[in-house]
Student: 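Once you've had a glance at the structure underneath, I'll fire off some questions.
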Amino acid sequence: MLELKFVRNNPDAVRDALVKRNMGTEHLDRLIGLDKEWRQCLVEGDRLKQTRNRVTQEVARLKKEKKDAAAQIDEMRSINARIKEIDDRIRDIESGMQEILLNIPNIPSSTTPVGRDENDNPVIRVVGEPRKFGFPVKPHWEIAENLDIIDFQRAAKISGQGFAVYKGMGAKLERALISFMLDVHDRQGYVEVFPPVLMTEKAMIGTGQLPKFKEDMYACTDGFYLAPTAEVPVTNLYMDEYLEKLPVFHTAYTACFRREAGKHGQDTRGIIRQHQFNKVELVKFVRPETSYDELEKLTKDAEEILQLLKIPYRVISLCTGDLGFSAAKTYDIEAWVPAQGKYREISSCSNFESFQARRANIRYRTPEGPQFVHTLNGSGLAVGRTVVAVLENYQREDGSVEIPEVLRPYLHGATEIR
RNA sequence: GCCGAGGUACUCUAACGGUAAGGGACUGGUCUCGAAAACCAGCGGUCGCAAGGCCUUAGGAGUUCAAGUCUCCUCCUCGGCGCCA
């Protein structure tokens, strides 16, 4: 969320941001109008309240002196009625402004490339070289079903489309990847946490999933939402707190839940797009002046997983038209998927600046007073998509799959799946 | 789920129904060679160029001229009991 004062004082900057994101500006115009009316109401209401406070004091004084205060009490009745009217109007305006503010996206960083859509995302670097296969490559779902390590049929029976049951070496591989990723990030200095995934509405608002993206979330009874990413529980750990020592780095494994509304027909086969998937996340809370350096480091920390697994990938910078709602700058890491002959997103690393911290009220102290921290996060990595990358990049002609060396200690030394 | 006790600002802690007092921590200043102590000041939000004002006692509704205080509802925390993997 942007600060109302910021919008009031920099309407052109906000307008510019909306235009670069290909979004309309009519809500912004409405907000500016409401703000003006709001301040007018405040002035009138405050003046009446000042009168009320003064008269009320008189009443107290008169009563103490055992004098009659009927005239003053009578005067108050009409003033109170008018105050109520104005207060009601102020409340309406405030909820209107709040709703608009919650739906205005973050201002893109000046280093975020300007562009219309995903076709305008510049490639920052390409690492590793796609392997040359001397045989026709199979898509991961074919490899997995042939090896009997992922069961889509039975998953559909118990949960419907968009789910997978991992079995045998498939289940072990998923578990090995989670442990491997957490161990690497632990070594990189991230403190592991293992949080709940049932979230309150307030937490979902804190990181920006609500109110704008309600359709993409699973809502439970009792007012809970299923976290779509560990970003939600981990960032909100420090909701309404002062962080006494910065920076704070966390890594967390959680299951993630996404409705993928409006994504019918995309990646319907395989495990690239699932309603429930596993992810290891990286989250940072830092001082504003360091947040862009920290974004570079966080991205490299996520990349290290792919380097260790020896999977080719590239890093792109999301342009303004493709940038997520809460982010000021985002790097996507895309892993090479041989059967598709292209790079596919496996991690998204973002700097939110103070956008989430303002919503979730996460601050630190400075000599000039409380300041909002900057929050960052990135996948390190999406586990299911890493399984895709491993199966496809390490497949052999006979249908078996070699296990990357770094994972073997997590699989009792096994070297292949067959 | 039941019973009880609570929720005041970063923290702790006051306030006959009369308009939020104070300590600690923190920041700045005086003093000092320097530090500590002591003393002074600041230390919730918001409107305003300012003077100044308004709001703020977990959240909401009500009673009242006036609510931290009285009534009702909700939430959360801490005990105890029950149930449960």
Side-chain angles (χ1 to χ4, degrees), chain A residues 1-11 31-102 194-206 210-211 219-225 232-233 236-246 248 255 285 287 354 357-373:
Chain A
M1 180 168 63
L2 301 177
E3 196 181 5
L4 177 60
K5 259 191 224 170
F6 176 84
V7 178
R8 182 187 298 148
N9 297 329
N10 306 278
L31 177 65
I32 291 167
L34 283 174
D35 178 55
K36 194 173 174 202
E37 185 187 352
W38 177 66
R39 281 181 291 164
Q40 285 167 351
C41 286
L42 272 188
V43 170
E44 184 181 356
D46 283 0
R47 214 181 54 232
L48 291 169
K49 283 172 186 171
Q50 185 183 3
T51 306
R52 177 173 68 185
N53 287 342
R54 200 188 61 236
V55 173
T56 271
Q57 289 290 13
E58 273 178 51
V59 172
R61 184 175 53 78
L62 290 170
K63 294 242 171 176
K64 210 172 280 177
E65 295 171 5
K66 309 271 188 215
K67 288 180 183 164
D68 179 47
Q72 283 77 2
I73 290 173
D74 202 49
E75 180 190 355
M76 287 317 303
R77 289 191 210 276
S78 65
I79 289 181
N80 274 335
R82 178 65 186 144
I83 287 176
K84 188 164 164 32
E85 274 176 39
I86 293 176
D87 276 352
D88 286 347
R89 179 61 192 151
I90 287 174
R91 218 190 321 276
D92 283 352
I93 293 174
E94 282 176 350
S95 68
M97 289 198 299
Q98 181 70 3
E99 196 190 323
I100 294 173
L101 273 176
L102 283 174
F194 191 35
V197 293
L198 281 181
M199 298 287 105
T200 62
E201 184 182 28
K202 193 177 172 196
M204 295 287 278
I205 290 173
L210 293 181
C220 309
T221 53
D222 296 349
F224 290 115
Y225 289 85
V232 181
N236 285 295
L237 279 182
Y238 302 109
M239 174 196 298
D240 295 321
E241 287 192 39
Y242 283 91
L243 293 178
E244 300 297 348
K245 54 176 172 30
L246 290 173
V248 173
F285 304 82
R287 294 174 195 280
S354 59
R358 186 172 296 107
R359 286 175 167 236
N361 194 29
I362 304 169
R363 295 174 289 178
Y364 72 110
R365 297 174 209 282
T366 74
E368 294 77 38
Q371 294 285 323
F372 292 109
V373 302

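Numbers restart at 1 for each chain; the letters A, B, ... are given by sequence-line order, proteins then strands.
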Student: Does Lys5(A) have any side-chain hydrogen bond (donor to acceptor under 3.5 Å, both in side chains) partners at least two apart in sequence or in another chain, and if so, which?
Tutor: none
Student: Which of residues 77-102 of chain A sit near RNA chain B, with a heavy atom under 4.0 Å from it?
Tutor: Arg77(A), Asn80(A)
Student: Restricting to nitrogen or oxygen on both sides, can you table the protein-nucleotides 72-77 of chain B pairs closer than 3.5 Å?
Tutor:
none

Student: Does the side chain of Glu94(A) reach to within under 4.5 Å of the side chain of Leu4(A), using non-hydrogen atoms?
Tutor: no
Student: Listed by chain and number, what are the side-chain hydrogen bond (donor to acceptor under 3.5 Å, both in side chains) partners of Asn80(A), not counting sequence neighbours?
Tutor: Arg52(A)
Student: Which residues pass the salt bridge (Lys or Arg N to Asp or Glu O under 4.0 Å) test with Glu3(A), sequence neighbours left out?
Tutor: none
Student: Taking only N/O atoms, report every protein-nucleotides 6-17 of chain B pair under 3.5 Å with atom names and distance.
Tutor:
residue: C10(B); atom: O4'; partner: Arg365(A); partner atom: NH2; Å: 3.4

Student: Measure the distance from CD on Gln40(A) to P on G48(B) and round it to the nearest whole Å.
Tutor: 11 Å
Student: Who passes side-chain hydrogen bond (donor to acceptor under 3.5 Å, both in side chains) against Lys36(A), sequence neighbours left out?
Tutor: none
Student: Mind checking Lys5(A) for me? I need base, sugar-phosphate or nothing, with any heavy atom below 4.0 Å counting as a touch.
Tutor: sugar-phosphate
Student: Go along nucleotides 50-58 of chain B 5' to 3' and tag each nucleotide: B for a protein heavy atom under 4.0 Å from its base, S when only backbone or sugar atoms are that close, - otherwise.
Tutor: ---BSS---
Student: Apply salt bridge (charged side-chain N to carboxylate O under 4.0 Å, His left out) to residues Arg82(A) and Glu85(A) and explain how you reach the verdict.
Tutor: CA-CA 5 Å; Arg82(A) 178 65 186 144; Glu85(A) 274 176 39; 2.8 Å; yes
Student: Could you tell me which residues satisfy salt bridge (Lys or Arg N to Asp or Glu O under 4.0 Å) with Lys84(A), sequence neighbours excluded, listed by chain and number?
Tutor: Asp88(A)
Student: Could you tell me if the side chain of Ile100(A) sits less than 4.5 Å from the side chain of Leu34(A), heavy atoms only?
Tutor: yes
Student: For Tyr364(A), which residues count as a ring-ring contact (aromatic ring centres under 6.0 Å, His included) partner, sequence neighbours excluded?
Tutor: none
Student: Taking C-beta and beyond as the side chain, do Ile362(A) and Tyr242(A) meet within less than 4.5 Å on heavy atoms?
Tutor: no
Student: Please enumerate all residues that pass salt bridge (Lys or Arg N to Asp or Glu O under 4.0 Å) together with Arg89(A), with sequence neighbours excluded.
Tutor: Glu37(A)
Student: Check salt bridge (Lys or Arg N to Asp or Glu O under 4.0 Å) between Arg39(A) and all other residues, then give those that pass, not counting sequence neighbours.
Tutor: Asp35(A)
